[in-house]
Amino acid sequence: MASIQLGEGEKTFIIHGICKDDLRSDGRTCLSYRNFELECGVVSNTSGSARLKLSNTQVLVGVKAEMGPPNPLNPSRGGIEFFVDFSANASPKFAGRGGDELAAEISNMLGLVYKNKKMLDYKSLCVIAGQCVWTLYADIVVLECGGNLLDAIALAVKAALYNTRIPLVTVHKDMDGTEDIDVSSNPHDFVTLDTKNLPVLVTVTTVGSGHIVDATLEEEACSMACIVAAVNKEGAIDGMVKKGSGSLTIDSIYKMLTSAKQIGKDLNKSLDDFLSKKGSDMSSKGFLT
Amino acid sequence: MAGLELLSDEGFRLDGRRPSELRKIRLRLGVFDQADGSAYIEQGNTKALATVYGPHEVLGGKGKPLHDKVIINCQYSMATFSTNERKNRPQGDRKSTEMSLHLQRTFEATIQTHLYPRSQIDIFVQILQADGGNYCACVNAATLAIINAGIPMKDYVCACSSGYVNNTPLTDVSYLEESQGGPVVTVAMLPKSEQIALFKMDNRLHVDHLEQVLEVASKGCKDMYAVMNAAVKEHVSRMAKSMECS
């Protein structure tokens with residue numbers, strides 16, 4: 001991520017706080033999450049969008065539903081594709097092609113988690129089997145990078161998918177047997193996606209001998225390894241990746257996963273609560289507030 | 001023109017504006033904490049975000065530091081979901097490269113470049129939603145971001161586009177009006193001295209009409225200036241107040 005430089009003293013201070021006192025420099029305990037600000041329906045020419053601000057991390061997700069030919073291996077299923085754009089706004093390092101590698105890593109991770117058939121009802125995205133399906137393009141713009149980017153992205157993606165409205169289409173057969181697609185001209189005729197099974201990503205970062213969730217940039221600089229787990233609302237794990245240059249013992253991975261499960265469950269719950277209230281917003285103030 | 005009546009007999013445009021009317025402008029300075037300066041602007045449905053980093057040491061492959069002035073590095077990008085048809089890449093295509101270059105020229109003409117020799121200023125703009133007048137929104141957002149960063153300029157740079165339909169010049173053309181194939185003139189202007197930092201025209205326009213169209217565009221720039229200046233003043237007074245309190 002956009003890394004910052006810390007002196008040895010600063011690192012020791014952060015590590016000691018976490019390992020000895022369960023206290024972090026911003027006053028949180030090891031397993032507490034920062035408050036985040038979420039808004040749905042920010043970009044009006046997308047099918048669905050969400051903006052999430054987690055302290056200094058800010059991401060914008062736009063989902064566009066496009067009709068096209070299906071994947072030949074799964075002719076009767078729609079799909080979802082992720083694209084991450086590290087905007088130069090976040091750091092001059094990402095100018096040009098600077099963010100491409102990180103972006104590929106993140107979009108692959110999301111693709112892997114969402115490949116599971118149980119995530120979304122991909123069958124309902126099929127219009128005519130073998131000919132025409134909906135593909136959801138989830139495009140993520142990273143506007144500000146202040147630590148814990150993956151969690152922020154996954155939360156925003158889930159919110160944007162909840163916000164997504166796909167136009168209602170009907171298929172009717174012509175006299176000669178050819179199928180015709182009719183897209184409803186009424187903008188109020190739309191279908192929404194069922195996002196209740198979608199997981200959120202929880203990054204658990206090891207710092208010294210302890211582990212924390214929702215790390216800030218400073219804490220990420222003190223850490224050698226982290227695991228990213230996709231946790232759904234029941235606390236089941238849908239995918240997991242270890243990142244970073246350090247190594248972990250099996251024991252510590254178990255401990256970290258236990259924390260990830262709990263945090264993931266809570267996060268899902270608060271996100272679902274929010275979405276059921278505000279998730280269908282279509283015109284919000286965005287950056288003006 | 002493709003069956004769309006850009007200007008009705010009563011003199012109204014497709015979105016209900018009069019020919020010389022700008023779209024609704026909403027803007028905010030200082031949207032990000034990490035950058036040295038940032039701004040967000042909405043002109044109708046066109047939304048742009050600009051950040052400024054610098055002046056700092058010359059970084060990356062931007063060539064050698066210049067001994068007499070600052071290097072201005074611009075990048076224009078469009079979010080992949082910003083257009084009606086999804087884009088494959090946010091930047092790096094020809095159009096964005098051209099836009100980056102235009103931005104660079106515009107701001108080289110306005111920033112007091114001689115004040116920061118051997119340094120670099122980065123200006124990054126991103127279009128979040130495109131609905132015509134993208135370049136204008138970028139210039140306006142970048143100007144505000146530079147002001148927010150406290151970098152001295154000769155004057156504001158305000159940009160506005162204008163078109164020409166049925167012998168009537170139109171200000172601040174939207175995507176629908178832009179895409180009908182009529183002439184579009186884009187002007188970036190220093191409103192006080194009335195100097196033009198960038199002038200660009202797409203499609204064909206008779207030279208006799210140019211004066212009218214330019215007139216309208218420069219009026220648009222000045223209107224834009226009034227809005228931007230008011231917003232900057234409000235922002236500064238709010239900052240001053242919050243300083244007093246603390």
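Just so it is clear: chains get the letters A, B, ... in the order the sequence lines come, proteins before strands, and each one is counted from 1. Values reported hereafter were calculated over all heavy atoms of this structure, with side chains retained and with hydrogens, waters and symmetry mates removed.
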K.L.:
Please name the pair of heavy atoms, one in K64(A) and one in T83(B), separated by the smallest distance, quoted to 0.1 Å.
P.N.:
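Heavy-atom minimum between the residues: NZ-O, 2.7 Å.
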
K.L.:
Hey, does N89(A) have a side-chain heavy atom less than 4.5 Å from the side chain of L49(B)?
P.N.:
yes

K.L.:
Please say whether more than 12 non-hydrogen atoms of neighbouring residues, nucleotides or ligands are located less than 6.0 Å from OH in Y175(B).
P.N.:
no

K.L.:
Does N186(A), at its CG atom, have more than 12 non-hydrogen atoms belonging to other residues, nucleotides or ligands within less than 6.0 Å?
P.N.:
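Result for CG/N186(A): enclosed.
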
K.L.:
If you count heavy-atom pairs within less than 4.5 Å of chain A, which of V31(B), D131(B), L128(B) leads?
P.N.:
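Maximum pair count with chain A is reached by L128(B).
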
K.L.:
Would you name the heavy atoms of N45(A) and S82(B) that are closest together and state the gap between them?
P.N.:
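The answer is ND2-O, 2.5 Å.
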
K.L.:
Does atom OH (Y33(A)) have a neighbourhood of more than 12 heavy atoms from anything else shown, all under 6.0 Å?
P.N.:
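Check passes, neighbour count above 12.
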
K.L.:
Examine whether an atom of I41(B) lies under 4.5 Å from a heavy atom of chain A, and if so say whether it belongs to the side chain, the backbone or both; otherwise answer neither.
P.N.:
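Contact with chain A involves no heavy atom of I41(B) at all.
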
K.L.:
If you take all heavy atoms of P90(B) and F83(A), which pair is closest and at what distance?
P.N.:
CD-CZ, 3.6 Å

K.L.:
For S77(B), is it the side chain, the backbone, both or neither that has a heavy atom under 4.5 Å from a heavy atom of chain A?
P.N.:
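Neither part.
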
K.L.:
With a sphere of 6.0 Å drawn around NZ of K95(B), does it hold more than 12 non-hydrogen atoms of other residues, nucleotides or ligands?
P.N.:
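Open.
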
K.L.:
Where does N88(B) contact chain A at under 4.5 Å (heavy atoms): side chain, backbone, both or neither?
P.N.:
backbone

K.L.:
Check the angle between the aromatic planes of F287(A) and F32(B) and answer parallel, tilted or perpendicular using the 30° and 60° thresholds.
P.N.:
perpendicular

K.L.:
Quick check for you: to the nearest 0.5 Å, what is the distance between S87(A) atom OG and Q75(B) atom CD?
P.N.:
7.5 Å

K.L.:
Kindly check if the number of other-residue, nucleotide or ligand heavy atoms within 6.0 Å of CZ (R105(B)) is above 12?
P.N.:
yes

K.L.:
Non-hydrogen atoms of chain B under 4.5 Å away: do they reach the side chain of V42(A), the backbone, both or neither?
P.N.:
backbone

K.L.:
Would you find more than 12 non-hydrogen atoms of other residues, nucleotides or ligands less than 6.0 Å from H114(B) atom NE2?
P.N.:
yes

K.L.:
If you look at every heavy atom in F124(B) and A95(A), which pair is closest and at what distance?
P.N.:
CE2-CB, 3.8 Å

K.L.:
Below 4.5 Å, heavy atoms only, C-beta onward: do F81(B) and V43(A) meet side chain to side chain?
P.N.:
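A side-chain contact exists here, since the closest heavy-atom pair is under 4.5 Å.
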
K.L.:
Please flag which part of S44(A) lies under 4.5 Å from any non-hydrogen atom of chain B: side chain, backbone, both or neither.
P.N.:
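Contact with chain B involves both backbone and side-chain atoms of S44(A).
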
K.L.:
Determine the minimum heavy-atom distance between Q34(B) and A90(A), stating which atoms define it.
P.N.:
OE1-O, 3.7 Å

K.L.:
Contact part of D33(B) toward chain A, heavy-atom cut-off under 4.5 Å: side chain, backbone, both or neither?
P.N.:
both

K.L.:
Can you name the closest pair of heavy atoms from Q126(B) and D85(A) and give their distance?
P.N.:
NE2-OD2, 3.3 Å

